[in-house]
Amino acid sequence: MSNRFTYPVVRVLVLCQPAERARLAAEMGLAKPDENVEVAEPFQVHRVIDGTAHKFLLRFVHRVEDARQALRREYYNVMVVDAAGSDCAAPSTSLVHELFTVVRNDRTIDPPWRWDRTVVLLPDSECRVAMAFEMGRLGVGSYQLRPSDPDAFFEGLWRVVERRIQVGKIALCLAGGGVEGLIFEMGVLQALDVALDGRGVLDFDIYCGISAGAILAATLVNGVPPDEFSRAFQRDSTAVAPVDQSVIFDFDFKEYLSRLGHFVYGLSRLKKGPAGAMSLYLRSVPVGFFAGVGIEKHIRKELSRAGRTSDFRQLDKELYIGATDQDSWEHIVFGDKGWDDVPIHEAVRASMALSPFYSPKWIRGRWFVDGSFTRTSELDVAVSKGATLVIIADPLVPIRSTVSGYVKAKGGVFSSIQGLKALVHTRFSEGMGRALEQYPAVDFFVFKPEQDDMRLMSGSPLKYHYRMEIERIAFQRTLERLFEEFPRYHGEWQRHGLILNYDRIEQELTKLKR
């Protein structure tokens, strides 16, 4: 599926030195060359390009800080930076480089500004080659030489915008994070359902899940709303059977007995020496505390209801579930070609086999464990299947404490989980940076816990009783983010057919604060 979307107004942010504004405005055709007056902003310009009329709205700023604030508050299709007055002997000190440094380090601009949507104005002099090389290194989308005639200027802007006209599918990628991560994702999805006008999270095209996220993705693609899944945890849903601790935490007695038998047999043949005893003890530790059979049976039963299916091939929409081969550490995507005949409930069970909490899952002569060991999110899979908007929920964020010894004092399980979260989160951050560069026409939006929320979710993934508070916080934080950054989200999402309802978001937040 591929469509074309053209913004009715192309919004342009122009960063230039104050002394250059009048001259630059004249070159753009916004004022006469000899006109030495301030023209009220924003500038509205109509241009016909390739036989089609386009409307441009330009706003000028003169400081890097002003540009940074504008990018945080508003939506812009393209940004123009005037580097014509930069020092030719030191192109890395240009206004572009300063802006790049400031904006790149600003974590509050999320998602970060895409530099391929930036047009740089260079001087028509000998240093233009060196400066163009520097701009290419920074990854800017295009450059023009000054002075430029108005037709060439606006056509250049349109060429940058035009790269993002073609839009495809909408994908939802849900990461792992144990029971708490699953509940966090339910809060995020319920907030999106409230915020979106005319569509909801059940109307997306692609659903990807890993570990706990695989459970939620499998139910969403089968038409189960996130609020119904939430009610199942409270034993108050008519669409989903109750989910209680007996479903999630079923001790793997078979594994325990097997290891106990191995230990007894090994003890009878044990040679003297501490090394042999230690080796026997380590080999006798169960590979999983819980069997995961309860979760698998629950999902299989739910997907056997009328109108649902546990067959990837019978779904109306696309579902992809990631798992890890425990022996080869190959990442397998169930639902993709060659693996779409595996029942969905088995794929979910394999994806959530987080060792040492859940035992591995046997499929096709291979043992599978949690997909988070090899990937955090299936965003590359989503893009390869034609997604141009990828919404990601990632609860796997480690807590950061300024108190030395905070993690150590929590014990071994807490320390291990925090270490795993740190590894997974670092890998995800690096992968996201690569994806932003590799897929310039794809929009990525990540919803993850804030620093204060991480303390609530920082313990063992086996916690169960904090569910309502986590869901409430995730719901409220997501709505607050959409409300505070409404222009940017609305601007980015509308080209994909998602419309945010500002009034509804505000009303819901008002109710939450009462």
Side-chain angles (χ1 to χ4, degrees), residues 1-15 28-30 41-61 67 69-81 103 109-121 140-144 150-171 195-199 203-205 383 386-391 436 439-445 482-503 505:
M1 182 183 69
S2 181
N3 301 302
R4 289 173 61 87
F5 176 83
T6 302
Y7 283 92
V9 179
V10 177
R11 297 176 55 87
V12 185
L13 179 65
V14 182
L15 172 62
M28 295 176 179
L30 307 177
E41 290 193 51
F43 295 98
Q44 296 187 28
V45 181
H46 294 268
R47 282 279 184 265
V48 176
I49 302 173
D50 297 336
T52 303
H54 298 283
K55 181 179 178 180
F56 295 84
L57 198 66
L58 290 85
R59 179 193 173 194
F60 281 75
V61 293
Q69 292 292 343
L71 292 176
R72 287 185 58 198
R73 294 191 303 265
E74 302 293 336
Y75 173 77
Y76 293 96
N77 298 86
V78 61
M79 178 165 54
V80 177
V81 184
V103 172
I109 303 178
D110 186 23
W113 174 254
R114 307 293 286 269
W115 294 98
D116 56 284
R117 293 162 61 179
T118 304
V119 176
V120 179
L121 304 179
V140 300
S142 177
Y143 68 87
Q144 298 184 29
D151 290 338
F153 174 78
F154 285 101
E155 182 177 351
L157 294 187
W158 176 248
R159 296 307 173 207
V160 173
V161 176
E162 192 177 33
R163 300 169 188 168
R164 295 167 57 81
I165 284 181
Q166 209 74 22
V167 293
K169 301 174 183 178
I170 301 174
L196 291 172
D197 200 0
R199 298 180 71 177
D203 301 314
F204 296 166
D205 305 295
V383 174
T388 54
L389 173 61
V390 182
I391 298 175
L436 291 172
Y439 309 119
V442 180
D443 292 321
F444 298 95
F445 290 85
L482 295 175
F483 182 76
E484 294 167 359
E485 303 181 46
F486 183 86
R488 289 204 304 124
Y489 277 89
H490 179 71
E492 296 286 4
W493 286 12
Q494 67 171 322
R495 82 180 184 105
H496 303 280
L498 296 184
I499 305 301
L500 291 173
N501 191 315
Y502 183 88
D503 292 335
I505 297 173

Non-hydrogen side-chain atoms of [X] and [Y] separated by less than 4.5 Å:
X    : Y    : result
N501 : L196 : no
L157 : V80  : yes
I165 : W158 : yes
F204 : L498 : yes
H46  : H54  : no
L58  : P42  : no
Q144 : V120 : no
V14  : Y76  : no

Check the orientation of Y7 and F5. Use parallel for under 30°, tilted for 30 to 60°, and perpendicular for over 60°.
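Correct class here is perpendicular.
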Any idea how Y489 and F445 line up, ring-wise: parallel (<30°), tilted (30 to 60°), or perpendicular (>60°)?
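Judged by the thresholds at 30° and 60°, the geometry between Y489 and F445 is tilted.
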Please assess E492 against R11 for the test salt bridge (Lys or Arg N to Asp or Glu O under 4.0 Å), listing each intermediate value before the final yes or no.
CA-CA 12 Å; E492 296 286 4; R11 297 176 55 87; over 6 Å; no
Using a strict cut-off of less than 4.0 Å between a Lys/Arg side-chain nitrogen and an Asp/Glu carboxylate oxygen, indicate whether D443 and R495 qualify as a salt bridge.
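Looking at D443 and R495, the cut-off is met.
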Non-hydrogen atoms of [X] and [Y] that approach each other most closely:
X    : Y    : value
G168 : T388 : N-OG1, 2.7 Å
I49  : E155 : CD1-CA, 3.9 Å
R114 : L436 : NH2-O, 3.0 Å
R164 : P440 : NH1-O, 3.1 Å
P111 : R488 : O-NH1, 3.4 Å

Take V390 and Y439 through the side-chain contact (heavy atoms from CB on, under 4.5 Å) test and state the conclusion after the steps.
CA-CA 11 Å; V390 182; Y439 309 119; over 6 Å; no
Sequence-distant partners of Q494, side chain to side chain donor-acceptor pair (under 3.5 Å), two or more places apart:
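Scan of Q494 (side chain to side chain donor-acceptor pair (under 3.5 Å), adjacent residues dropped) gives none.
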Please walk me through it: do F43 and F56 pass ring-ring contact (aromatic ring centres under 6.0 Å, His included)?
CA-CA 8 Å; F43 295 98; F56 295 84; over 10 Å; no
